[in-house]
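Please read the structure below before turning to the comments.
Both backbone and side-chain heavy atoms feed into the values below; hydrogens, waters and symmetry mates do not. None of these values were measured; they are calculated from a predicted model.
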Amino acid sequence: MFTEMLTDLIAKTVTVRSINNDEFIGKLISIDKENIVIQNPRSVLINGPDVILGPFLLTAKANIVPMQLNNILCVVETLADAEKDYLESILEEEDAEASIQED
């Protein structure tokens with residue numbers, strides 16, 4: 001039932017809340033009975049009074065990340081302002097990588 005509810009969110013920017021209270025944002029690209037797959041996930045973090053987006057992994061690139069449904073509390077569509085910040089962070093990262101490759 002949970003996976004059926006998520007079908008409408010495929011290809012959208014979603015916010016994922018884990019059972020450990022971690023929050024992530026990314027593009028939902030697929031769902032099966034045991035996993036969801038998120039593209040370009042970011043961690044949602046608190047920095048003083050601000051909510052910021054940080055890297056999902058610190059020591060590796062995380063383009064496509066499967067997440068087990070038994071570790072997820074909820075998956076919901078991301079608010080428009082947060083989605084805008086997320087998409088800007090993806091573009092900034094792509095621009096930085098292109099700049100490094102040009103050098």
[X], [Y]: one ILVMFWY side-chain cluster at the under-4.5 Å cut-off?
X	Y	value
L58	F56	no
V16	I25	no
L9	I29	no
L87	V51	yes
V37	L6	no

With a 4.5 Å cut-off on side-chain heavy atoms, are [Y] and [X] touching?
X	Y	result
E93	I90	no
I38	V14	yes
V75	I36	yes
F24	M67	yes
L69	N35	no

- Message: Is it true that, when you exclude L79 itself, more than 12 heavy atoms of the residues, nucleotides or ligands shown sit nearer than 6.0 Å to its CG?
- Response: no

- Message: Check this for me: N70, atom CG, are more than 12 non-hydrogen atoms of other residues, nucleotides or ligands nearer than 6.0 Å?
- Response: yes

Hey, does the side chain of [X] reach the backbone of [Y] with a donor-acceptor pair shorter than 3.5 angstrom?
X	Y	answer
S43	L45	no
Y86	T78	no
D32	E34	yes

Roughly how far, to the nearest 0.5 Å, is [atom2] of [Y] from [atom1] of [X]?
X	Y	atom1	atom2	value
I19	N71	CD1	CG	4.5 Å
S18	Q68	OG	CD	12.0 Å
E92	L53	CD	CG	10.0 Å
I64	K61	CD1	NZ	11.0 Å

- Do E23 and R42 meet the salt-bridge criterion of a basic N to acidic O distance under 4.0 Å? no

- Message: Check this for me, if you would: do K27 and E83 make a salt bridge, where the nitrogen-to-carboxylate-oxygen distance has to be below 4.0 angstrom?
- Response: no

- Query: Which heavy atom in A62 sits nearest to a heavy atom in L57, and how many Å separate them?
  - Reply: CB-CD1, 3.8 Å

- Query: For N63 and P41, which heavy atoms make the closest approach, and how far apart are they?
  - Reply: O-CD, 4.2 Å

